[in-house]
Amino acid sequence: MHAIAIHGGAGAVPRAALSAEREQRYRAGLEAALEAGHQILVQGGSSLDAVTTAVRLLEDDPMFNAGHGAALTRDGAAELDAAIMEGAAMRAGAVASVRHVRNPIELARRIMQKSRHVLLVGAGAEEFALEEGMALVPNHYFRTAERLAQLQAEQRGETVSEIMPPAPRGTVGAVARDAAGNLAAATSTGGMTNKRPGRVGDSPIIGAGTYAKNGVCAVSATGHGEYFIRAVAAHHVCASVEFRGLTLEQAVHEMLHETLRRLGGDGGMIAVDQHGGIVMNFSSDGMFRGARDSRGRHEIAIY
Ligand code: ASP
């Protein structure tokens with residue numbers, strides 16, 4: 001039994017504002033990432049490889065807010081956050097506020113596997129990436145005309161830009177269970193449009209936006225990160241399954257629609273349990289998402 005789920009962020013474009021052509025581009029990007037991750041699992045690969053590959057493809061796709069096409073800080077720069085965790089030994093790697101690492105999820109994985117640390121930020125993280133011979137790019141590689149337009153619209157105080165529909169937040173993530181029963185989670189993001197430089201969201205905070213523990217669940221979150229950090233959302237979901245006997249579906253629902261809603265935050269989560277059961281839920285207008293498993297489930301959805 002194997003299963004994978006991916007997300008391309010919560011807070012989707014309102015249905016009426018999404019053209020058929022853009023919807024097609026979102027769906028194609030999700031399908032490509034889902035298929036790549038699924039194929040790794042089909043061939044007996046690890047959940048860690050599946051989530052890394054799926055997230056890397058979404059980072060390279062300018063439609064999503066991670067890597068190329070990331071949301072911009074109020075200074076117009078991209079500052080990227082990412083995390084990865086594997087459930088077998090509960091090892092984790094994370095990176096925050098990097099400006100030149102082409103694929104932050106690869107760096108997070110390298111930090112997990114090759115450093116003595118879990119979380120590296122800013123210049124120190126980029127120094128490590130350089131030592132590892134990873135691809136570094138100028139900051140403008142990440143900046144697309146659309147993200148610049150979104151930033152300018154937000155700075156003008158517009159909620160709906162005349163140039164383009166409102167920004168989905170668009171963080172990306174993946175969770176998977178492989179045939180050996182190992183769980184893994186990965187999340188990558190440019191954070192929130194118009195954020196203050198140095199702001200770090202929930203995505204790279206282990207337990208907030210990303211978490212995996214074998215025998216329990218793997219979770220990747222998207223949404224207003226400040227709230228997910230305060231709720232320690234991803235870990236809390238797993239703890240509710242492990243210690244309170246909730247199903248994964250109940251635990252995710254409670255987190256999004258009760259705990260986070262009470263705090264005032266919205267967003268979504270994808271999660272997979274030890275049996276490969278996939279849960280995808282959100283409290284925002286929508287969430288770009290996809291799921292595929294060895295029992296024949298195969299779906300891509302936005303609303
Ligand atoms: N959770 C991300 C953050 O706060 C944003 C998102 O998911 O869209 O950085």
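Predicted model only: the values in this text are computed from it and were never measured. Each ligand, and each atom within it, is numbered from 1 in the order the structure gives.
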Need the ligand 1 atom indices (1-based, order shown) with element for anything under 4.0 Å from a heavy-atom of [X].
| X | answer |
| --- | --- |
| Thr222 | 6 (C), 7 (O), 8 (O) |
| Asp202 | 1 (N), 2 (C), 3 (C), 4 (O) |
| Thr171 | 2 (C), 5 (C), 6 (C), 7 (O), 8 (O) |
| Gly201 | 9 (O) |
| Gly223 | 1 (N), 2 (C), 3 (C), 4 (O), 5 (C), 6 (C), 7 (O) |

* Can Gly9 be said to touch ligand 1, with heavy atoms closer than 4.0 Å? -> no

* Structure fact -> Note: heavy atom closest to atom 4 (O) of ligand 1, options Lys195, His7, Met287, Arg199, belongs to Arg199

* Do Glu59 and Ser188 have side-chain N/O donor and acceptor atoms under 3.5 Å apart? -> yes

* Asked: Can a donor-acceptor pair be found between the side chains of Thr187 and Thr210 at a distance below 3.5 Å?
  ->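 Yes, a side-chain donor-acceptor pair sits under 3.5 Å.
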
* To do: Could you tell me whether Arg27 and Glu31 make a salt bridge, using a distance below 4.0 angstrom between a side-chain N and a carboxylate O?
  =>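 Salt bridge flag = no for Glu31 with Arg27.
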
* To do: For ligand 1, find out whether one of its N or O atoms is nearer than 3.5 Å to an N or O atom of Gly225.
  => yes

* Structure fact -> Between Cys238 and Tyr211 the two heavy atoms that sit nearest each other are SG-CD2, 3.6 Å

* To do: Could you grab the distance from atom CD of Glu86 to atom CD of Gln113, nearest 0.5 Å is fine?
  => 8.0 Å

* **Atom pair CG/CZ of Asp75 and Arg196 - distance to nearest 0.5 Å** =>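 Answer rounded to 0.5 Å: 9.5 Å.
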
